[in-house]
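Presented below is the structure to which this report refers.
The basis for the numbers below is simple: all heavy atoms, side chains too, and nothing from hydrogens, waters or symmetry mates.
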Amino acid sequence: MINKHRKQKYQQSKRPTTNIREYIKIYKENVRGKTQTTVMNNKHPSWDEALAISARAWAKHCNDRHNVHLREVGNMHPTFTSVGENIWTGPLDEFSVKNAIQKWVDEAKLYSYKEDRCTAVCDHYRQVVWAQSYKVGCAVVHCPHSIKNFDRPGAIFVCNYAPGGDIDGIQPYATTGDPCSGCKGECNNKMCSKYDISMFKSHRYSNANIGLNLPEPHFRTRKTLLNHFVFRCR
């Protein structure tokens with residue numbers, strides 16, 4: 001018989017240990033900075049903790065379907081009104097950030113940029129290459145019993161993007177100009193950078209402009225805002 005201590009230790013060893021923040025490095029090197037060499041409006045992506053909090057909150061439901069609150073302004077992020085989402089689900093031993101991204105990028109063969117249509121599911125690809133989505137937050141959760149709509153145990157990896165992409169009728173990026181010619185800021189590795197002023201530095205947040213029904217007083221620091229946001233996402 002396995003004692004309680006050994007059982008807990010075993011369960012902990014089965015949890016994903018990948019550093020999810022490595023997504024940004026892989027994302028920039030293998031998607032934004034590599035596969036879109038002629039994009040004129042590509043924005044340099046960066047990590048967003050609030051998006052990661054929302055990703056983890058939904059991943060903990062162990063459901064291989066999109067977040068039911070995805071279109072509800074204020075429930076996904078304290079400032080962005082539009083949030084996109086990608087989900088990877090599979091056996092625990094097959095999960096890695098790189099594998100998940102590659103699976104989404106592989107959908108490129110199912111997408112026609114000229115016609116802006118998919119021959120099969122390619123919405124994950126459209127989101128990861130969406131030029132105007134410049135904030136990313138991800139989380140992975142081990143579901144030891146079962147994942148709904150996957151029907152077996154495994155890992156679920158959720159990434160949220162802001163502003164959200166994969167909008168019908170709009171191509172994910174523009175190619176009619178030189179790199180960075182379609183967006184403001186410095187051009188770094190064919191992506192616009194240093195265009196984004198941190199939302200936590202110069203703004204004051206209240207119930208009215210966050211939309212989270214959070215209590216006063218105004219949120220003056222990143223830590224205070226995120227602490228309240230974590231509570232809301234539980």
Legend entry - 4.5 Å side-chain heavy-atom contact, Thr175 and Tyr113: yes

Legend entry - Asp48 to His77 - nearest heavy-atom pair and separation: OD1-NE2, 3.0 Å

Inset, instruction - To the nearest 0.5 angstrom, please state how far the CD1 atom of Ile87 sits from the CH2 atom of Trp104. - result: 8.5 Å

Legend entry - Co-membership, hydrophobic cluster, residues Met191 and Met40, 4.5 Å side-chain: no

Inset, instruction - Answer yes or no: is there a side-chain heavy-atom contact under 4.5 Å between Pro153 and Leu92? - result: no

Inset, instruction - With rounding to the nearest 0.5 Å, note down the distance linking CG in Asn67 to NE2 in His61. - result: 7.0 Å

Legend entry - Heavy-atom closest pair, residues Ser54 and Met76: OG-O, 2.5 Å

Inset, instruction - Report the distance from atom CZ of Arg56 to atom CG of Asn160, rounding to the nearest 0.5 Å. - result: 13.5 Å

Inset, instruction - Measure the spacing between CZ of Arg65 and CD1 of Ile156 and express it to the nearest 0.5 Å. - result: 10.0 Å

Legend entry - Arg126 bridged to Asp116 by N-O distance under 4.0 Å: yes

Inset, instruction - Flag the pair Val121 / Leu110 as yes when at least one side-chain heavy-atom distance between them is below 4.5 Å, and no otherwise. - result: no

Legend entry - Donor-acceptor side-chain pairing of Glu49 and Trp47 below 3.5 angstrom: yes

Inset, instruction - For Ser133 and Pro163, indicate whether the former's side chain and the latter's backbone hold a donor-acceptor pair under 3.5 Å. - result: yes

Inset, instruction - Looking only at non-hydrogen atoms, find the nearest pair between Tyr173 and Val39 and report the distance. - result: CD1-CG2, 3.4 Å

Legend entry - pair Leu51-Tyr161: side-chain heavy atoms closer than 4.5 Å: no

Legend entry - Within-4.5 Å side-chain heavy-atom neighbours: Pro172 and Tyr111: yes

Legend entry - Least distance between heavy atoms, Phe150 atom then Thr89 atom: CG-CG2, 3.5 Å

Inset, instruction - Apply disulfide bond (SG atoms under 2.5 Å apart) to Cys187 and Cys192, showing your working. - result: CA-CA 5 Å; Cys187 196; Cys192 292; 6.0 Å; no

Inset, instruction - Indicate yes or no: at least one non-hydrogen side-chain atom of Trp58 is less than 4.5 angstrom from one of Val68. - result: yes

Inset, instruction - Please check if atom CG in Asp168 has more than 12 non-hydrogen atoms from other residues, nucleotides or ligands closer than 6.0 Å. - result: no

Legend entry - Distance-only side-chain donor-acceptor flag, Gln127 / Asp123, under 3.5 Å: no

Inset, instruction - Specify whether Phe95 and Trp88 have parallel, tilted or perpendicular ring planes, treating 30° as the upper limit for parallel and 60° as the lower limit for perpendicular. - result: tilted

Inset, instruction - Identify the two heavy atoms, one from Asp151 and one from Ser146, that lie closest to each other, and give their separation to 0.1 Å. - result: C-OG, 3.8 Å

Inset, instruction - Check whether any side-chain N or O of Asn41 sits under 3.5 Å from a backbone N or O of Ala174 as a donor-acceptor pair, and report yes or no. - result: yes

Inset, instruction - To the nearest 0.5 angstrom, please state how far the CG atom of Asp64 sits from the SG atom of Cys143. - result: 10.0 Å

Legend entry - Heavy-atom donor-acceptor pair, Asn86 side chain to His124 backbone, under 3.5 Å: yes

Legend entry - Side chain to side chain, Tyr125 and Cys118, heavy atoms closer than 4.5 Å: no

Inset, instruction - Could you tell me whether the side chain of Phe80 reaches within less than 4.5 Å of the side chain of Ser82, counting heavy atoms only? - result: no

Inset, instruction - Compare every heavy atom of Ala52 with every heavy atom of Ala139, then report the nearest pair and how far apart it is. - result: CB-O, 4.0 Å

Legend entry - Approximate separation, where rounding is to 0.5 Å, of His69 NE2 and Glu85 CD: 11.0 Å

